[in-house]
Amino acid sequence: MKYYLTTPIYYVNAAPHIGHAYTTIAADTIRRLKRMQGYDVVLTTGTDEHGQKIERAAAAAGKSPKAFTDLISAEFKKQWSDLGLHIDRFQRTTNPSHAAVVRDLFERCLKNGHIYKGSYTGQYCVSDELYVNDAKPGDPCPDCGRPTETVTEENYYFRLSAFQDRLLELYETQPDFILPETRRNEVLAFVKGGLQDLSISRTTIKWGIPVPNEEKHVFYVWFDALSTYMSAVHDEKIHGESLWPADLHLIGKEIVRFHAIYWPAFLMAAGLPLPKRIFAHGWLLFENDKMSKSRGNIVRATPIQKVLGTDALRYFLMREVVFGQDGSFSYDALVGRYNSDLANGLGNLASRTLAMITQYREGVIPEGASNQQIAQVATVITETALEAYERFEFSKVLEAVWSLISAVDKYIVDNAPWKLAKNPDEQDRLNEVLYTAAEALRIATGLLWPILPESAAKIWAQLGCRKPLDDLRTAELNWGHLEGGQHLGIPSTIFPRADAKIAIPQMQELEVAEVARQLEILGKKPEPPAAKTSSDSAEPSLAKAITKDGFITIDDFGKVDLRVGLVKTAERVKGADKLLHLHVDLGEAEPRSIVAGLALAYKPEELVGRKVVVVANLAPRKLRGLESNGMIVAASREGDLPVLASFLEDVPVGARLK
RNA sequence: GCCGGUGUAGCUCAGUGGUUAGAGCGACGGUCUCAUAAUCCGUAGGUCGUAGGUUCGACUCCUACCACCGGCACCA
C-alpha cells in the first residue's frame with residue numbers, strides 16, 4: 001500500500017524559519033509513522049517560485065529570477081537535509097516537468113467548460129498578487145496594508161461558483177476531509193456563504209507558467225502552486241498503484257481555503273481524483289506573540305539544532321504543541337523540556353539500563369523471564385501511543401511513552417538491581433530486572449523513532465539491535481522481541497544535560513548570525529528589525545513619484561496638506577470594530593467629519609480634546625455611510641495598533657505642518 | 001456585528017451531574033546509588049473567568065456578562 005503525503009511548497013521570498021521546519025518535521029514524523037505501519041511512503045515538499053513579488057525581490061538582489069530562486073530553493077533543500085528530514089521528492093514550480101502538469105490541468109478544466117475569459121478593472125495588490133474588490137484607487141491592500149495599484153486585465157476565470165454544491169457534498173460525505181474540525185466548520189461556513197469565480201491568470205506578471213495558446217497570460221499562484229502535489233509524482237506508481245491522489249496534504253491553517261476549497265474544485269473540474277485528507281496545523285507563536293518579520297521575532301531551526309540537536313527541536317514541537325492548535329515557542333520552555341524529559345527521562349533510563357547490563361552481565365542482554373506487570377504496562381501504552389499516532393496526536397503519544405519510562409524507572413528502584421547483584425541467590429531475579437528494563441527501553445525507542453529518529457537510532461544501536469529502524473514494523477513492538485544473548489553496542493550519552501544559562505545565549509547568538517547569513521543570500525543588507533517595515537512596504541506604488549535616488553521633491557511633499565486638528569467628538573461606528581467617527585476642528589467654519597480606523601487603539605473619550613495631525617486635502621470618501629473628509633495621521637506597523645502623531649508643545653488649531 | 005472556541009494549582013494542560021478537583025514541569029523536604037547532582041518517595045491547599053439560574057447536589061447543565069483566540073462580514 002502506498003501513502004503519499006505533502007507539505008506545502010514554500011514561497012521563496014523568505015528564507016526557511018522554524019515555521020517551515022515545524023510543518024516539514026511533522027510531515028517527516030508522519031512519513032516515518034506510516035513507514036512503521038508498513039506503507040510505501042512518499043513525502044513531497046518543494047518551493048513556490050513564481051510571481052511578481054519574486055521578480056521584484058530578485059531584481060532588488062541584483063539577480064535574475066531564475067538565479068534568485070535557485071539560490072533560495074537550495075536553501076530550503078539544504079535546511080531539510082541539515083535537519084535530517086527524509087524528503088522523497090522536492091518539487092519546484094520552475095521545474096519544466098511541473099509546467100506540463102499545470103497546462104494539462106488547465107486544459108482539462110477548459111475542455112469541461114469550467115474556465116472562461118473575462119476582464120477585471122480594479123485595485124490590485126502587487127505584494128500579495130491579490131485583486132481587491134470594492135477598493136478605490138490608492139486604497140491599501142486588505143491583507144498586507146500596502147497600497148494597491150489600479151489595473152485593467154483580461155483574465156481567465158475558474159467557475160468556482162458552480163462547485164458550491166459538490167464541495168458541500170464532499171465535506172458532508174467525508175467528514176474527515178478537513179481536519180481538525182474547527183477548520184472544517186470554517187470552510188463549511190465559507191462555502192455556504194457562496195463562492196465567486198476565481199481569476200486564475202495574470203497578464204501583469206512575466207515570471208510564471210504561460211497559459212497555453214496565450215501570449216500574455218501566466219498562471220495565478222494557486223493554480224500553479226497546488227499542482228505541484230500532482231506534478232511531483234506525475235504518473236508515478238508504486239507496485240502498480242498510482243501515487244496520486246495524495247493521502248494527506250499537511251498544511252498550516254492560513255492556507256486552508258486554498259486546499260480545502262479551490263484545490264478540490266480544480267480537480268473536480270478536471271475530472272481528477274481528490275486528495276483524501278487535509279490536515280491544518282496551528283501556528284507557532286513566540287512567547288505568545290505572532291511571529292512576524294515586522295516584530296523581528298522569527299526563530300530559525302538551525303541554531304537550536306546546533307546547540308541541542310535536531311531531536312530536541314522535534315521533541316519540543318511535538319510535545320509542547322497540541323497538533324492542530326497554536327502553540328508557543330520559547331527558549332526557556334525548550335531547554336526545560338530538553339532537560340527534564342530527554343536528559344533526565346529517556347536519556348537517563350537508557351544510561352542506567354545499559355550501564356547495569358554492562359557492569360553486571362558484561363554487556364550481554366540476559367535470557368530468561370521478564371516482569372509481567374511491566375510487560376502489561378508496555379503493551380497497553382504501545383496500544384495507546386499507536387492510537388494517538390493514528391490521529392496525529394503527537395503530544396499524547398509522547399505522554400504515553402513517558403508514562404512507560406517512569407514506570408520502568410520506578411520498577412528499577414523497587415527492585416534495586418544493585419542489591420541483587422551482590423547476592424548470589426538473586427541472579428535469576430537480576431536477569432529478569434535487566435531484561436525487563438532493556439525490553440521496555442527497546443519498545444519505547446521504537447515508538448519514539450518517528451519523532452526522535454536520530455536519538456532512537458543511537459539507543460537502538462546501543463541496545464545492540466541490528467535491524468535498521470526504518471525497517472521496524474509495529475508488530476515488532478510487542479513485548480518479548482528483544483533477543484537474550486544480544487551484545488550491547490558502544491554506550492554514549494544521548495542527551496547531555498544543558499545549562500540554560502549557556503545554551504540560550506548560544507542559540508541567540510547563532511540566531512543573529514543565521515539571520516545575517518539569510519539576509520545576505522536574499523540580497524538584503526542586514527538592518528535592525530524595526531527599520532525594516534518602511535523600506536519593505538513603501539516602494540511599490542510610490543514608484544512613480546519617487547526619483548531614481550529614492551527621493552521625492554519638495555513639490556511632491558507640498559501636495560500633502562497636513563493640519564493640526566482638535567477632536568471635538570468621537571463615537572464608535574456601528575457594525576465596525578475598528579472605526580471611530582470623529583468631528584475635528586481644523587480652524588474652519590465647521591468641524592470636519594472624519595472616519596478613522598482607531599477604535600482598537602483608542603477609546604472615543606480618550607480622543608476628545610486631543611490635538612491630532614490631519615491630512616486635510618485627501619479626497620472625501622464615504623465609509624459605512626459616513627462622510628470622511630480627511631485622514632488622521634498615526635504611526636502603524638504591520639500587526640500593531642496605530643499610535644497617533646501628536647505634539648509636545650501646544651499648537652494652534654489649523655496650523656499647517658511643513 | 002454574526003458564528004465558533006478557550007478561560008481549572010507559578011507554568012502547560014486533563015477532567016466528570018454527586019464523597020476531601022487531578023497529571024506533568026517548576027519549587028521545597030527526604031531516599032537510594034545502577035544512572036546524565038539523574039531516579040524514587042513525600043509536600044503544593046487552586047473563588048475550577050464573573051454574576052445569576054436549574055437541581056437534593058455543579059467545576060461539570062442553562063442564561064447574561066467579561067477577557068483572549070479564530071473564521072466571516074465590515075474596514076483599514
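Proteins come first, then strands; the chains are lettered A, B, ... in the order of their sequence lines, and each starts at number 1.
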| rA9(B) to rC59(B) separation - P atoms, rounded to the nearest Å | 15 Å
| query | A343(A) has a side chain; which of rU36(B), rC40(B), rC34(B) sits nearest to it? | reply | rU36(B)
| task | In whole angstrom, give the distance that lies between atom CD of Q325(A) and atom C1' of rG70(B). | result | 12 Å
| task | Using atom types as modelled and distance alone, determine if a side-chain donor or acceptor of N423(A) lies under 3.5 Å from a backbone N or O of D425(A). | result | yes
| What distance, rounded to whole Å, do you find between the two C1' atoms, one in rG18(B) and one in rG57(B)? | 6 Å
| Of S406(A) and N185(A), whose nearest nucleotide on RNA chain B comes first from the 5' end? | N185(A)
| remark: Of rA38(B), rC34(B), rC40(B), the nucleotide closest to the side chain of R497(A) is rA38(B)
| query | Between rC40(B), rG26(B), rC72(B), which nucleotide gets closest to the side-chain atoms of S340(A)? | reply | rG26(B)
| query | Among rC34(B), rC40(B), rU36(B), which is the nearest nucleotide to the side chain of N344(A)? | reply | rU36(B)
| remark: W402(A) and L452(A) have their tightest heavy-atom pair at CH2-CD1, 4.5 Å
| request: Please determine, for the side chain of R183(A), which listed nucleotide (rG70(B), rU36(B), rU39(B)) has the closest atom? | output: rG70(B)
| Closest listed nucleotide, where the reference is the side chain of K253(A) and the choices are rG70(B), rU36(B), rC34(B) | rG70(B)
| message | Can a donor-acceptor pair be found, under 3.5 Å and without considering hydrogens, that links the side chain of N348(A) to the backbone of A343(A)? | response | no
| Okay, side chain of N431(A), backbone of P366(A): is any donor-acceptor separation there less than 3.5 Å? | no
| query | From rC72(B), rC34(B), rA35(B), pick the nucleotide closest to the side chain of F190(A)? | reply | rC72(B)
| query | Is there a Watson-Crick or G-U wobble partner for rU63(B) with both distances under 3.5 Å, and if so, which one is it? | reply | rA51(B)
| task | Check whether any side-chain N or O of K192(A) sits under 4.0 Å from OP1 or OP2 of rC3(B), and answer yes or no. | result | no
| Pairwise P distance for rG49(B) and rC2(B), with rounding to whole Å | 24 Å
